[in-house]
Undergrad: 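Below are the structure tokens for one structure; questions will follow.
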Amino acid sequence: MKDKFLFQSTRSSEIVASAPEAILSGIAPDGGLFVPVELPRADVRRILSLDPLPMAAAILHIMLPSFSEEQLLPLVTNGYTGKFDTPAVTPLCAVDDMNILELFHGPTCAFKDVALCLLPHLMKASAESLSDRNEILILTATSGDTGKAALEGFRDVEGTSILVFYPRDGVSAVQKAQMVSQQGSNTHVCSVEGNFDDAQTGVKTAFQALQKEFLSQGVRLSSANSINIGRLAPQVFYYFSAYRDLMDAGKIAYGDLVDYSVPTGNFGDILAGYYAKLLGLPIGRLICASNANNVLTDFLKDGTYDRCRPFYTTYSPSMDILVSSNLERLLYLLSNDTALVSSLMKDLSEKGRYTVPASLLKQLQQVFWPDCCDDEQTLETIHHVWKDCGYLLDPHTAVAWRAAEHYRDQFGTARETVVLSTASPFKFPEAVLSALGIPHAENGFIAMHELSKAVSMPIPAPLQGLEDKPVLHRDTIAPKDLTEYVRKKAVEYR
Ligand SMILES: *Cc1c(COP(=O)(O)O)cnc(C)c1O
């Protein structure tokens, strides 16, 4: 009999874990990702009737049934209150005949905050429910944005601490300023000589070297990686909240199908939308929007995922990805076939490509519709939406807006469309100013002020005055010294 409290690996139904175990371990021991063994359908009408925080707790309970709604509500409340600048958490904004779901009201002005403000609380509750008294120490290598969002999420959460490593030569001045000014008694930031790969390799090595040793001393090493089920589950919420807001605005009645357009990189955000659909939310199409790194567009068109292709650095850097890890969960959900998923993932790592069976492709295409655009088209979209609608899009959101427009042009749908907005335009002032045809400074801090003046909008509070904030973290190390560094720092935390 299936156990609704259990999770299993996408690559083997023999490898199972409870929600707390899955959250604490992140990836499954066979390299697969944890998925619920059985997903109950939700009481969608009841969920839609709830206020934002209880709604988030109710959905999390369905995704992570070992935790009760009563247990989750205080975690959600602690995670979001005071960190998001609006009680709605993720407000919906009508722009022309589109609806923008603003996911950037958190402490770093980007959508990863929604999950990363909750993950530390879920980890703590997981450890408690397993009577695991270890301190949790998060080790993360970052190419910029995720590190800052993780630092903000874990900041001052009791029983946890976080060490973030960034490549000295690989983050922007603004990203660096955000990290080195990080406050919190349990946060630490250090730069690594070299690029992102050097930092990531260093962190992986430290993990392997220290995991057992630390556990014997009462410290559990963990990561805030985007494949953790504890990061995916919190993202299902805003698909429901947007639907509810459309009902409240009188634009839809309960049961009407709504399309969602999602700027996609690692496939986590859009997969949460698929979970929302599985739970029973009336979702029509999920529009999978990519930039010039359009590996997903090709895959959803012809069924072959091929990572052997040029890599482009674009104006929407958080979508510059050639391997979308969370896609593995979708392949499992659609096929229910761990042997198939294992063999596809083996093909991906050995040959750099795989092809799904025709029947699976057909299933994919019934729900997902792919589209992509290049940098020039991204800027054009920012320009025209600002000129025609007076709404300022960030480059990631612009990619999704354009895909939504294409979908409508092609299918002439009368359904409401929700465009997920994953970042504040002030995080990417240079690109946005270029889109508006305004010359800008090379310096990101100055460009932020120039953008603020040009559009008569204030810089969001978390990004304000960054250049003047005191530097609290100055350490720089060579990659080979990373393990020793973690060992030394871990002592300071205890
Ligand atoms: C991470 C990120 C994305 C992509 O989300 P995935 O879940 O990786 O698909 C899109 N936009 C922004 C601004 C992001 O930070």
Side-chain angles (χ1 to χ4, degrees), residues 33 90 100-117 119 140 142-153 171-172 174-175 178 196 224-239 260-276 286-297 299-300 314-330 368 370-373 378 381-382 392-403 419-429 431-432 460 462-463:
L33 311 189
T90 55
I100 303 259
L101 177 55
E102 296 184 344
L103 304 176
F104 54 77
H105 288 269
T108 77
C109 304
F111 103 97
K112 289 184 180 66
D113 290 331
V114 179
L116 281 166
C117 281
L119 181 66
T140 300
T142 183
S143 52
D145 287 337
T146 305
K148 177 64 184 176
L151 284 162
E152 277 300 326
V171 300
S172 73
V174 172
Q175 288 173 325
Q178 281 187 299
F196 173 62
N225 208 299
S226 77
I227 53 177
N228 194 311
I229 190 77
R231 272 190 67 178
L232 184 66
Q235 299 178 17
V236 180
F237 154 70
Y238 44 73
Y239 286 88
Y260 292 75
S261 183
V262 188
T264 298
N266 213 7
F267 212 78
D269 203 2
I270 195 167
L271 182 69
Y274 186 65
Y275 270 107
L286 289 163
I287 299 166
C288 178
S290 302
N291 62 26
N293 295 294
N294 56 2
V295 57
L296 285 166
T297 316
F299 171 62
L300 289 167
T314 72
Y315 286 136
S316 40
S318 298
M319 296 153 72
D320 292 345
I321 283 176
L322 291 181
V323 177
S324 301
S325 322
N326 265 302
L327 188 59
E328 180 172 344
R329 284 197 168 102
L330 180 66
F368 296 88
D371 194 36
C372 61
C373 72
T378 305
T381 306
I382 296 173
L392 197 63
L393 299 171
D394 106 287
H396 303 78
T397 311
V399 171
W401 175 292
R402 194 183 139 94
V419 175
L420 275 66
S421 176
T422 47
S424 156
F426 284 93
K427 287 203 93 165
F428 305 95
V432 174
L463 301 174

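Whatever order the structure lists them in is the order used to number ligands and atoms, beginning at 1.
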Undergrad: Below 4.0 angstrom from a heavy atom of Gly268, which ligand 1 atoms are there? Numbered from 1 as shown, please.
TA: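 Answer for ligand 1: 6 (P), 7 (O), 9 (O).
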Undergrad: Would one find an N or O of Asp394, backbone or side chain, under 3.5 Å from an N or O of ligand 1?
TA: no
Undergrad: Does any part of the side chain of Thr142, heavy atoms only, come nearer than 4.5 Å to the side chain of Val171, both counted from C-beta?
TA: no
Undergrad: Check contact between Asp145 and ligand 1, using heavy atoms of the residue and a distance below 4.0 angstrom.
TA: no
Undergrad: Of the protein's non-hydrogen atoms, which lies at the shortest distance from atom 7 (O) of ligand 1, and what is that distance?
TA: Asp269 N, 2.9 Å
Undergrad: Quick one: side chains of residues 105-116, donor-acceptor pairs under 3.5 Å with protein atoms, not counting sequence neighbours, listed by atom name and distance.
TA:
unit_1 : atom_1 : unit_2 : atom_2 : d
His105 : ND1    : Asp85  : OD1    : 2.7
His105 : NE2    : Glu102 : OE1    : 2.8
Thr108 : OG1    : Asp113 : OD1    : 2.9
Thr108 : OG1    : Asp113 : OD2    : 3.1
Asp113 : OD2    : Thr108 : N      : 2.7
Asp113 : OD2    : Cys109 : N      : 3.3

Undergrad: Run the ring pair (Phe, Tyr, Trp, His ring centres under 6.0 Å) test on Tyr275 and Tyr239 for me, step by step, so that the C-alpha distance in whole Å, both residues' side-chain angles and the decisive distance to 0.1 Å come before the verdict.
TA: CA-CA 10 Å; Tyr275 270 107; Tyr239 286 88; over 10 Å; no
Undergrad: Check whether any side-chain N or O of Asn225 sits under 3.5 Å from a backbone N or O of Asn228 as a donor-acceptor pair, and report yes or no.
TA: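 Absent.
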Undergrad: Check whether any side-chain N or O of Arg231 sits under 3.5 Å from a backbone N or O of Ala224 as a donor-acceptor pair, and report yes or no.
TA: yes
Undergrad: Return yes or no for this condition: an N or O of Thr264 is under 3.5 Å from an N or O of ligand 1.
TA: no
Undergrad: Which atoms of ligand 1 are found less than 4.0 Å from any heavy atom of Ala423?
TA: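 Once the distances to Ala423 are compared, the set is 13 (C).
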Undergrad: Which of these, Phe104, Phe267, Phe111, Phe428, has its nearest heavy atom closest to atom 5 (O) of ligand 1?
TA: Phe111
Undergrad: Suppose the criterion is side-chain hydrogen bond (donor to acceptor under 3.5 Å, both in side chains): which pairs have a residue in residues 317-326, not counting sequence neighbours?
TA: Asn266-Ser325, Asn291-Asp320, Asn293-Asp320, Thr314-Asp320, Asn326-Arg329
Undergrad: Please confirm whether Ala110 comes under 4.0 Å of ligand 1, counting heavy atoms of the residue only.
TA: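 No heavy atom of Ala110 comes that close to ligand 1.
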Undergrad: For Leu103, is there any backbone N or O sitting under 3.5 Å from a side-chain donor or acceptor partner on Tyr238?
TA: no
Undergrad: Between ligand 1 and Thr422, is the shortest N or O to N or O distance under 3.5 Å?
TA: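 Yes - when backbone and side-chain N and O of Thr422 are compared with those of ligand 1, one distance drops under 3.5 Å.
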Undergrad: Do the side chain of Ser261 and the main chain of Ala400 share a donor and acceptor less than 3.5 angstrom apart?
TA: yes
Undergrad: Would you say ligand 1 has an N or O under 3.5 Å from any N or O of Gly265?
TA: yes
Undergrad: Which protein heavy atom lies closest to atom 6 (P) of ligand 1, and at what distance to 0.1 Å?
TA: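 Heavy-atom neighbour on the protein nearest atom 6 (P) of ligand 1: Asn266 N, 3.5 Å.
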Undergrad: Counting only heavy atoms closer than 4.0 Å, does ligand 1 sit against the backbone of Lys427, its side chain, both, or neither?
TA: neither
Undergrad: Out of all atoms in ligand 1, which are within 4.0 Å of some heavy atom of Pro263? Include the element for each.
TA: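 It comes down to these atoms of ligand 1: 4 (C), 10 (C).
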Undergrad: Are Phe299 and Phe267 an aromatic pair by the rule of ring centers under 6.0 Å?
TA: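 No.
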Undergrad: Go through ligand 1 atom by atom and flag the ones less than 4.0 Å from a non-hydrogen atom of Lys112.
TA: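 Those of ligand 1 that fall under 4.0 Å from Lys112 are 1 (C), 2 (C), 3 (C), 14 (C), 15 (O).
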